Every structure is written in C-alpha cells, then in structure tokens.
Amino acid sequence: MTAQLIDGNALAKKIRAEVSGRTEALKARGVQPALAVIMVGDDPASEVYTRHKVNDSTETGLAATLERYPADMTEAALLARIRTLNADAAVHGILVQLPIPKHMDTAKVIETISPAKDVDGFHIASAGALMVGQPGFWPCTPYGCMKMLESIGYELRGKNAVVIGRSNIVGKPMAMMLLAKDATVTICHSRTRDLKAFTLQADLVVAAVGKRNVLTADMVKPGAVVIDVGMNRNDEGKLCGDVDFSGVKEVAGWITPVPGGVGPMTRAMLLVNTLEAAERASSPR
Ligand code: NAP
C-alpha cells in the first residue's frame, strides 16, 4: 500500500489566497491588518523564521514589521515595548520570536502580550480558551495539522488518535483540538512505556518529538493517517521529520511529507490568526 500525500504546500497556498481575499475585504472597510514581530538577539534560525513571517504577511496583504533588538536588551525594556504595542490600535498581532535570551523570563514575556493580539496562541489565556472550548487563538502548528485533516475530509469522531510529544506549543494543544472533535486521544512522551503498543492502535498518529525515526512502519496500523510535525536533519544534512517516511508510507493511508507538510501550514496559520485578530478588533461588539 502507498499512502496518499497530504500536500502542505498546496493547502497553504489555498489558505494564503483566502487570507488575501479576506484582507482585501477588511482594507475596503479601512482596516489594514498588521503584525508586529519582535526578535531579540541574533539566533540564525530565528532570523530565517522572522523573515518568512514578515514576507508571508506582506505577500498576502498584511502589514508586518520586524523589530530587532540586541541580545542585551533588558527584560523591562522588552515588556515596555510589548505594552506599547498592546495599546496601539493599528497593531493586531504581536509575536515575540522564541527563544529569547536567557536573562529574560519567557513566560512573563508571553503573558505580557495582550491575549487579543496573541497570534502565536502561546498566552496562558489562549491555552485556557482552547482547553475549555472558548474562542481564542490556536497555536499555529497544531491548528495547521487540523486544517490538513479537514482538507482530506477526515472524520475524527470516535477515532483513536495518538499524539507523540507533550509540549505546550504542539503536543498538548494538538491533543485538545483532536479531543474537541471527539477523537479518543492518547498523549505519549519520553516516559511512555512501549510507544508501539499505543501507535499500533491508532487511526491517527501525530508525531511531534524532534527525533528521527520515532515512528517506523512496524508501529503503524495499516491505513492510518500520519502527521509528521518533526523537523530534524538526516545524515546528509537534509531536512526530515520524526517519521521514517519511506517505510511508513507503505503502511499508512495518508501521510504528510517533510519538507512540504506541516511547516508551510504553520506559516499559513499565523496569517490566519493575524487576520482573525484584525477582524475581531474591527467588528462591532
Ligand atoms: P519539545 O518541546 O522538545 O517536545 C518534544 C516532546 O517529545 C516532549 O514532550 C518529549 O517528551 C517527547 N519525546 C522526546 N523523546 C521521545 C521519545 N523517544 N518518544 C516519545 N516522545 C518523546 O518539541 P516541540 O517544540 O513540541 O517540537 C517537536 C518537533 O516539532 C521538533 O522537531 C520541532 O522542530 C518541530 N516543530 C515543527 C514545526 C513546524 O512548523 N513543522 C513547528 C513546531 C515544532 P518529554 O515531555 O517527556 O520530554
């Protein structure tokens, strides 16, 4: 059996086109959706990510600014800048690129962002809203995974879903989103005994670990849907996921590739969240 591919690039393109259309409609009402991206320090990966975020935004008609600060910026100065952006009605989304320098308290920085502008969905209010099923911003990566499942018309109700990984930004919110769609969800992690026993029962596996070959063909139920969030490098230095793609694609029913799977969807969902923030801020209450 060869799995069908869930093409993240194609789906992200479609979503970006939808964002462009909705952005035009907002602009026609005099609202320019705007994202502020803050980067502290000069982490090379963050450089790439923030550049993508700004370019993706401007390409879809959103206004985006990148504010760069030196690694020795004080925490107080960063919090003050966030508060200024919180109060600026022309800014709808605020994103602080992580990681930030070690002398800063990441949780405190994230909690300073107004929940109404928390387009990364990392604020504790966003996490709480997701937990209790209230409107809020969903973290972009699991949100993108949900869109991928939606794109193949996958009915989650009653399905066994296994999420491997329990981080606050991927694993846990992913599990909450699947639960909200009536899947029976198991969260596995580094202390899980016999991971294979869980994954073999799963109709859907989401791997969000950060280690190559966490999921191999012998661990997958025939026909299962496999979503690979992981981003790793193989021995040749090429980008790869957590899933042994060549083996698992012979067993799974659907699979996401790396690259070209969850990555582009994560980028697209940031645009959706930013647009949504602008729509909410500008709609009459
Ligand atoms: P993280 O915070 O490091 O969490 C990794 C999780 O994997 C932890 O819960 C850990 O368990 C679990 N784990 C580690 N080894 C394991 C094993 N052998 N078996 C089962 N579980 C294991 O990472 P993250 O931020 O969630 O990111 C996960 C991966 O997704 C990374 O590769 C990251 O680069 C990638 N990612 C990709 C995107 C994208 O857009 N494509 C976005 C975000 C993240 P413990 O909790 O017990 O330590």
Side-chain angles (χ1 to χ4, degrees), residues 5-9 11-12 15-16 37 43-46 48-53 55-56 95-100 106-107 110 119-122 126-127 130 137-149 161-178 185-202 205-216 218-220 226-234 237-245 248 255-273:
L5 213 61
I6 311 179
D7 184 342
N9 281 324
L11 184 56
I15 289 173
R16 283 197 304 272
V37 179
D43 177 69
S46 294
V48 175
Y49 293 143
T50 51
R51 200 168 54 238
H52 281 158
K53 285 167 188 176
N55 290 346
D56 289 351
L95 182 157
V96 177
Q97 184 65 43
L98 301 178
I100 50 178
T106 301
I110 299 302
V119 289
D120 250 345
F122 294 169
S126 302
L130 173 60
F137 292 108
W138 286 5
C140 301
T141 300
Y143 193 6
C145 295
M146 291 303 284
K147 284 284 172 197
M148 291 177 118
L149 293 171
V162 166
V163 179
I164 318 176
R166 57 173 163 179
S167 72
N168 290 336
I169 61 168
V170 188
K172 283 186 209 162
M174 184 79 252
M176 286 300 128
M177 290 175 200
L178 296 169
V185 184
T186 304
I187 306 175
C188 297
H189 46 78
S190 70
R191 308 294 161 139
T192 297
R193 287 188 208 154
D194 198 0
L195 179 63
K196 181 176 171 179
F198 292 96
T199 58
L200 270 179
Q201 301 298 319
V205 181
V206 180
V209 174
K211 285 182 186 153
R212 287 158 56 190
N213 300 330
V214 158
L215 193 74
T216 47
D218 58 311
M219 299 168 76
V220 175
V226 175
I227 308 258
D228 192 352
V229 178
M231 284 198 309
N232 312 294
R233 297 272 163 196
N234 66 14
K238 279 170 66 181
L239 192 64
C240 68
D242 291 344
V243 174
D244 171 24
F245 184 83
V248 171
I255 191 167
T256 66
V258 178
V262 175
M265 289 302 295
T266 297
R267 287 169 60 176
M269 298 325 288
L270 174 65
L271 306 174
V272 172
N273 277 350

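All values reported here derive from a predicted model rather than from experimental measurement. Remember, it's 1-based here, ligands and their atoms both numbered in the order they're listed. Hydrogens, waters and symmetry mates are skipped; everything else that's a heavy atom, side chains included, is used.
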request  = List for me each residue that meets ring-ring contact (aromatic ring centres under 6.0 Å, His included) alongside Tyr143, sequence neighbours excluded, and say none if there are none.
outcome  =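 ring-ring contact (aromatic ring centres under 6.0 Å, His included) list for Tyr143, sorted by chain: Trp138.
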
query = Looking at ligand 1, does any of its N/O atoms fall within less than 3.5 Å of an N/O of Arg166?
reply =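 For ligand 1, there is an N or O atom that lies under 3.5 Å from one belonging to Arg166.
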
request  = Would you check the N or O atoms of Lys211, main chain and side chain alike, for any that come under 3.5 Å of an N or O of ligand 1?
outcome  =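 Min N/O separation from ligand 1 is below 3.5 Å for Lys211.
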
pair [X]-[Y]: side-chain heavy atoms closer than 4.5 Å:
{"X": "Val262", "Y": "Cys145", "value": "yes"}
{"X": "Ile255", "Y": "Val243", "value": "yes"}
{"X": "Val206", "Y": "Val229", "value": "yes"}

Could you list which atoms of ligand 1 come closer than 4.0 Å to a heavy atom of [X]?
{"X": "Gly165", "answer": "6 (C), 7 (O), 9 (O)"}
{"X": "Gly263", "answer": "40 (O), 41 (N)"}
{"X": "Ile169", "answer": "25 (O)"}
{"X": "Ile164", "answer": "20 (C), 21 (N)"}

ask   = What pair of heavy atoms forms the shortest contact from Pro257 to Ile6, and how long is it?
value =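 In terms of heavy atoms, the two residues are closest at CD-O, 3.2 Å.
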
task = State, to 0.1 Å, how close Leu11 and Lys147 come at their nearest heavy-atom pair, and which atoms those are.
result =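 Looks like CD2-O, 3.7 Å.
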
ask   = Does the side chain of Asn168 pick up a donor-acceptor pair with the side chain of Lys172 at under 3.5 Å?
value =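 Yes, because at least one side-chain N or O of Asn168 sits under 3.5 Å from a partner of the opposite role on Lys172.
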
Give me the nearest non-hydrogen protein atom to [atom] as residue plus atom name, then the distance to 0.1 Å.
{"atom": "atom 33 (C) of ligand 1", "value": "Met231 N, 4.3 Å"}
{"atom": "atom 19 (N) of ligand 1", "value": "His189 O, 4.0 Å"}
{"atom": "atom 42 (C) of ligand 1", "value": "Thr141 OG1, 3.1 Å"}
{"atom": "atom 31 (C) of ligand 1", "value": "Gly210 CA, 3.6 Å"}
{"atom": "atom 40 (O) of ligand 1", "value": "Thr266 OG1, 2.8 Å"}

ask   = Per the side-chain contact (heavy atoms from CB on, under 4.5 Å) rule, which among Leu215, Thr186, Val226, Thr216 passes with Thr199?
value =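 The passing option is Leu215.
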
Which option out of [options] puts a heavy atom nearest to [atom]?
{"atom": "atom 44 (C) of ligand 1", "options": "Asn232, Val170, Leu215, Asn168", "value": "Val170"}
{"atom": "atom 7 (O) of ligand 1", "options": "Thr192, Val209, Thr199", "value": "Val209"}
{"atom": "atom 30 (O) of ligand 1", "options": "Asp242, Val214, Leu98, Val229", "value": "Val229"}
{"atom": "atom 47 (O) of ligand 1", "options": "Ser190, Gly171, Gly8", "value": "Ser190"}
{"atom": "atom 26 (O) of ligand 1", "options": "Pro142, Ser167, Ala208", "value": "Ser167"}

inquiry  = If you count heavy atoms of other groups shown closer than 6.0 angstrom to CZ of Arg233, is the number above 12?
reply    =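 Counting neighbours around CZ of Arg233, more than 12 heavy atoms of other residues, nucleotides or ligands fall under 6.0 Å, so yes.
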
Lys/Arg N to Asp/Glu carboxylate O, Asp218 vs Lys196, below 4.0 Å =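 Yes, Asp218 and Lys196 are salt-bridged.
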
